[in-house]
Amino acid sequence: MIKLIEIYRKEIIKYLFEIKSFSQSWENSWKKEILTLLNNEELNEVNFFKLGENLRRIFLLTSSGDRGQGEVSSAGTGWESLLAWYLNLGLIGTRTIVIKPKKKFNFDTIQKTITVNYGNFISNSESDLIAVTFPPKKDIAYSVEKLEEYENKVFSIDLLEELDAYSVDKINLFLNKIIENNISKIEVNVIQCKTNWNDNAQIPMGWDIIYSSTGFTKDNIKIGRDGFSIHKIKDFRYSFITVPTQKNLDKIKETSTQVLRVNKLSGGIFWGEKTKLNVAKNINEIFNDNFHESYNEIKFNERIKNLDLKEIGL
DNA sequence: CATCGCCTCTCTACAAAGAG
DNA sequence: CTCTTTGTAGAGAGGCGATG
């Protein structure tokens, strides 16, 4: 199980480096800065968390100060990708995976779970990062249905080792089946990424309000599709992670509108700066807040012991 | 090649506080 | 009580990057 998720994670990380808005910034300055921060030390939880506290500074290195459409677009992609990288690095070796939406990585079941049906309009906030936590290996239910040969094979946990050579598409199908058959044990955390933290905080606020509803009086508004719903899974959270790009952080206070707009989010507010009480926590706190169980099953330092830094672009 | 989602700024209006 | 200063919410404007 774990192994299969790692293959998938590796593919996601590989894909991040195919995105220009990420890889260019990475090569131009982010990579160097991260390596400087590590200062020839081995990667460990302490400096990994420290990296979290420097993520805003690192991100802003590539700031041109322009707000042309190109900058607007690539800044957003860049931040989202950087977070996908950081979060997946922190979760290496766990049963939680952070997906940056792309057709071949999306799980059909999860998409259905978080879909919002607004009349005839089907909306699933596709552009956000989605963290999916699988149940521990021992809790995964076997399917007794008679399936095609492939499915029989993949439902036999013992044979998982053989799946190494399988393509992303097949792993996707397989993991998707696992989700389907274990839906009540699956945890989902939708992570809304935004570079600035102003009035656009209305967006995560809006989604959180929708997702926290237990039902609408208008019966043409519904969450979930084909029997999948956030109410049928183990845990659903909505989080917000911002750089933020505002120059003066002192202006962002616990009484500020943009803070109040998101301070009830089920999954919390995080940023690339040191934790500020009642405003935002540093990104590194998301691991213990939202992925506590899976993150701590095996210690981070243990999980990354045999990690080749090249695999994560360093 | 159509669709979708992105905001690495800047300015103004208004309210509240402060000065006299 | 009126004028000035300070703080901040909100509006405005304007195409590109990634994907399928």
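Below, chains carry the letters A, B, ... as their sequence lines are ordered, and counting in each starts from 1.
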> Can you name the closest pair of heavy atoms from A:Arg95 and A:Glu297 and give their distance?
Replying inline: NH2-OE2, 2.6 Å
> Can the ring centroids of A:Tyr8 and A:Phe107 be said to lie less than 6.0 angstrom from one another?
Replying inline: yes
> Over how many whole Å does the gap from A:Leu83 atom CG to B:dC6 atom P extend?
Replying inline: 13 Å
>> What is the distance, to the nearest angstrom, from the CG atom on A:Asn198 to the P atom on B:dC11?
In response: 15 Å
> Does DNA chain B take part in any stems of at least 3 consecutive Watson-Crick or G-U pairs (both distances under 3.5 Å), and if so, which ones?
Replying inline: B:1-7 with C:14-20, B:9-20 with C:1-12
> Just wondering, do A:Leu307 and A:Leu89 contact through their side chains at under 4.5 Å, heavy atoms?
Replying inline: yes
> Do the side-chain N or O atoms of A:Thr195 get closer than 4.0 angstrom to the phosphate oxygens (OP1, OP2) of B:dC7?
Replying inline: yes
>> Would you say the ring centers of A:Phe240 and A:Trp271 fall short of 6.0 Å from each other?
In response: no
> In a check of side-chain hydrogen bond (donor to acceptor under 3.5 Å, both in side chains) between A:Asn196 and each of A:Asp199, A:Asn200, A:Asn198, which one passes?
Replying inline: A:Asn200
>> In this structure, how many angstroms lie between the P atom of B:dC11 and the NZ atom of A:Lys247, rounded?
In response: 12 Å
>> Nearest whole Å is fine: how far is B:dT8 P from A:Leu82 CG?
In response: 15 Å
>> Mind checking if A:Ser74 touches a base, just sugar-phosphate, or nothing, with heavy atoms under 4.0 Å?
In response: base
>> Can you measure A:Leu60 atom CG to B:dC9 atom C1' for me and round it to whole angstrom units?
In response: 14 Å
>> Run the salt bridge (Lys or Arg N to Asp or Glu O under 4.0 Å) test against A:Glu254 and tell me which residues pass, sequence neighbours left out.
In response: none
> Nucleotide range of DNA chain C contacted by chain A, 5' to 3', under 4.0 Å to a heavy atom?
Replying inline: C:dT8 to C:dG20
>> Could you tell me how far apart A:Phe240 (CZ) and B:dC7 (P) are, to the nearest whole angstrom?
In response: 9 Å
>> Classify A:Tyr15 by what it touches in the nucleic acid, base, sugar-phosphate, or nothing, heavy-atom distance under 4.0 Å.
In response: sugar-phosphate
>> Please tell me if A:Arg67 has a side-chain N or O lying less than 4.0 Å from either OP1 or OP2 of B:dC7.
In response: no
> Is a side-chain donor-acceptor pair under 3.5 Å present for A:Thr133 with A:Ser294?
Replying inline: no
>> Mind checking if A:Arg56 touches a base, just sugar-phosphate, or nothing, with heavy atoms under 4.0 Å?
In response: nothing
>> So which atom in A:Arg303 and which in A:Leu91 form the shortest heavy-atom distance, rounded to 0.1 Å?
In response: NH1-C, 3.7 Å
>> Output the rounded distance in Å from CG (A:Asp199) to P (B:dC6).
In response: 14 Å
> At under 4.0 Å, does any side-chain N or O of A:Thr245 touch on OP1 or OP2 of B:dT8?
Replying inline: yes
> Quick one: A:Lys194 NZ to B:dT8 P, roughly how many Å, whole number?
Replying inline: 10 Å
>> In terms of relative ring orientation, are A:Phe22 and A:Phe17 parallel, tilted or perpendicular, with 30° and 60° separating the classes?
In response: perpendicular
>> Taking B:dG5 as the reference, what is the distance to C:dG12 when you measure between their P atoms (whole Å, please)?
In response: 23 Å
> Taking the six-membered ring for Trp, is the centroid-to-centroid distance between A:Tyr86 and A:Phe59 below 6.0 Å?
Replying inline: no
